[in-house]
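A short worksheet on the structure shown next.
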Protein chains: 2
Amino acid sequence: MSTAGPIALASDAADVSQTSIYDAIRHDILSGRLEANARLKISELAKQHNTSTNPIREALQQLRGEGLVLFTPNQGARVRPIDMEFVRDVAEVGYQLEPYLLKLFVETASAEDIAELERIQSEIEAINFSNKARHTELNHQFHEYMYERHYNRVAFGVWKQHREILGSISTRVPIAIGRQEAIIQEHRELIDSIKAQDVNLAVSTLNRHIQDAGRHVVDQLRINQTRSRGRNG
Amino acid sequence: MSTAGPIALASDAADVSQTSIYDAIRHDILSGRLEANARLKISELAKQHNTSTNPIREALQQLRGEGLVLFTPNQGARVRPIDMEFVRDVAEVGYQLEPYLLKLFVETASAEDIAELERIQSEIEAINFSNKARHTELNHQFHEYMYERHYNRVAFGVWKQHREILGSISTRVPIAIGRQEAIIQEHRELIDSIKAQDVNLAVSTLNRHIQDAGRHVVDQLRINQTRSRGRNG
DNA sequence: ATTTATAATTTTTCGTACATTATTCTGACG
DNA sequence: CGTCAGAATAATGTACGAAAAATTATAAAT
């Protein structure tokens, strides 16, 4: 199983003082620096973040509450593996929540809101998938902008949490050419339907968009899995 | 996913050894023993659970990750207030997820499943709201039975977590007579539509059921709030 | 000689105790 | 009545010890 080696020098080590331990570990999990099922040894993490064990323990417990870290008694913490089923499940949860969040935005969007959406969209089109991490970030912004002022903070929180998980693996998976065109097209249609204040159209466009997106990620994961299985066994 | 498990009879001080600190505090929050916004002093809690501070700190951090406890830097933890907005928000999240969970059950329910539902329902009708806590528990069982074997563990986890929050305040709020009759009626209709394998009918019945339930709780909370405002200010 | 079982050693988690730092409370003084 | 110093309280970080798990070393058996 190896992986005994020290885990690739933690988060930048420079400005650790500013960002909290929790944020750092969380980021390391979502970015993939800490890989699936990796053991999270508290003393090791304590060294990496130049702190003692208690802050680490507490951060891990918080992440446990979020479901990003798994505990086994007397054996400590492991990184929650983000496998195909998990991604599919998370995507489907988002699929249930996102239309609900969108509705209010369509009904209340101002001209400035739409302008902002178009600005983000133009940036997405400008980089045109040349930088995957940046694309994922912009895509996240596009959606988040529409929901962040929703009155339902619980729904927004759940959505965001799951979106981050989804985004974390999106960056590690290729985006097919056909899917790239579809993403841009769907975003445009979404903006148009918001402009037209057409809630139903917006929701159905969104449904198509996120369903396709989820399916695409799962498909890519399936391909990856098949490949590595071919290599190993 | 935050295996809260069956809410173990918490802090009766006798069998604290068996149930975890986390379960105990969580139960105390949801049952209302620890009321909204109450400060959670770690040394105090440590005494109450005859333990040192570290287990308390970690439990609180885990609950923070779940959103049940709020932290302010250098000021420690407080019980997340379960006010009207929060309940409404939680209810609406459930409203988005529950139909999704129900669908699969309707499509796959066996004769035994339906029999079990009818058994729970008959018990609900038998006690006929004479014991509110028991009613809440049975009602929880009724719904949980339909979803607990759903393949999407994430969705089920989110639903359950939110259901527990909702249930925790349901017990503290009266159920109007009219609402009592409606609950029984709606459950019966739900069972009938499942028997008939009618997914659409089941979903729309459920929608009505949980929407009414949520609204009822929020209404009751509003009444409570108005009353206490009359007393205090 | 290789493999399996067992014992010793190391590592790691988890609870306790203590130190430090920030906040809150209290009472004297303007 | 407000404000400000100092004491009390509580959060946050560090250090240590005991118990459990993982690992390595050693012995026995085929």
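In the text below, chain A, chain B and the rest are named by the order of the sequence lines, each starting its count at 1. What's counted below: heavy atoms across the whole structure, side chains too, no hydrogens, waters or symmetry copies. Since this is a predicted model, take the numbers as computed values, not measurements.
- One finds a salt bridge joining Glu116(A) and Arg119(A) here, because a Lys/Arg side-chain nitrogen approaches an Asp/Glu carboxylate oxygen to under 4.0 Å.
- Within the structure, every side-chain polar atom (N or O) of Gln75(B) is placed at least 4.0 Å from both OP1 and OP2 of dA10(D).
- Counting only residues at least two apart or in different chains, salt bridge (charged side-chain N to carboxylate O under 4.0 Å, His left out) contacts with residues 131-146 of chain A comprise Glu123(A)-Arg134(A), Arg134(A)-Glu137(A), Glu144(A)-Lys160(A).
- If you walk DNA chain C from 5' to 3' and mark each nucleotide with an atom closer than 4.0 Å to a heavy atom of chain A, the marks span dT12(C) to dG15(C).
- Across the protein-nucleic acid pair, Leu60(B) atom CG and dA10(D) atom C1' stand 13 Å apart, rounded to whole Å.
- Evaluation of the side chain to side chain contact (heavy atoms under 4.5 Å, CB included) rule for Arg64(B) yields Gln62(A), Gln61(B), Phe71(B) as partners, not counting sequence neighbours.
- Comparing the end axes of the helix from dA1(C)-dT30(D) to dG30(C)-dC1(D), each fitted to five base pairs by superposing C1' atoms of four pairs onto the next four, gives an inter-axis angle of 20° (nearest 10 degrees).
- Between His143(B) and His209(B), the angle of the ring planes stays under 30°, which puts this pair in the parallel group of the 30/60° scheme.
- Distance, Ile56(A) CD1 to dG13(D) C1': 12 Å, rounded to whole Å.
- Judged by distance alone with a 3.5 Å cut-off, a donor-acceptor contact links the side chain of Arg57(B) to the base of dG13(D).
- Note on Leu40(B): only backbone sugar-phosphate atoms sit closer than 4.0 angstrom, heavy atoms only; bases stay farther off.
- Atom CD1 of Ile42(A) is separated from atom C1' of dG17(D) by 14 Å (rounded to the nearest Å).
- When the side-chain nitrogen and oxygen atoms of Thr51(A) are compared with OP1 and OP2 of dT14(D), one or more of them lie within a distance under 4.0 Å.
- With DNA chain C read from its 5' end, the first of the two nearest nucleotides for Gln61(A) and Asn54(A) is the one closest to Gln61(A).
- Ring orientation note: the planes of Tyr151(B) and Tyr100(B) are nearly perpendicular, at an angle over 60° on the 30°/60° scale.
- Listed by chain and residue number, nothing satisfies the ring-ring contact (aromatic ring centres under 6.0 Å, His included) test with Tyr22(A) (two or more places apart in sequence, or in another chain).
- The salt bridge (charged side-chain N to carboxylate O under 4.0 Å, His left out) check on Arg222(B) picks up Asp219(B), with sequence neighbours excluded.
- The separation between Asn74(B) atom CG and dG13(D) atom C1' is 11 Å, rounded to whole Å.
- Remark: Glu35(B) CD is loosely packed, at most 12 non-hydrogen atoms of other residues, nucleotides or ligands lying under 6.0 Å away.
- Atoms CG (Leu70(B)) and P (dA11(D)) sit 15 Å apart, rounded to a whole Å.
- Ring orientation note: the planes of Phe129(A) and His135(A) are tilted relative to one another, at an angle of 30° to 60°.
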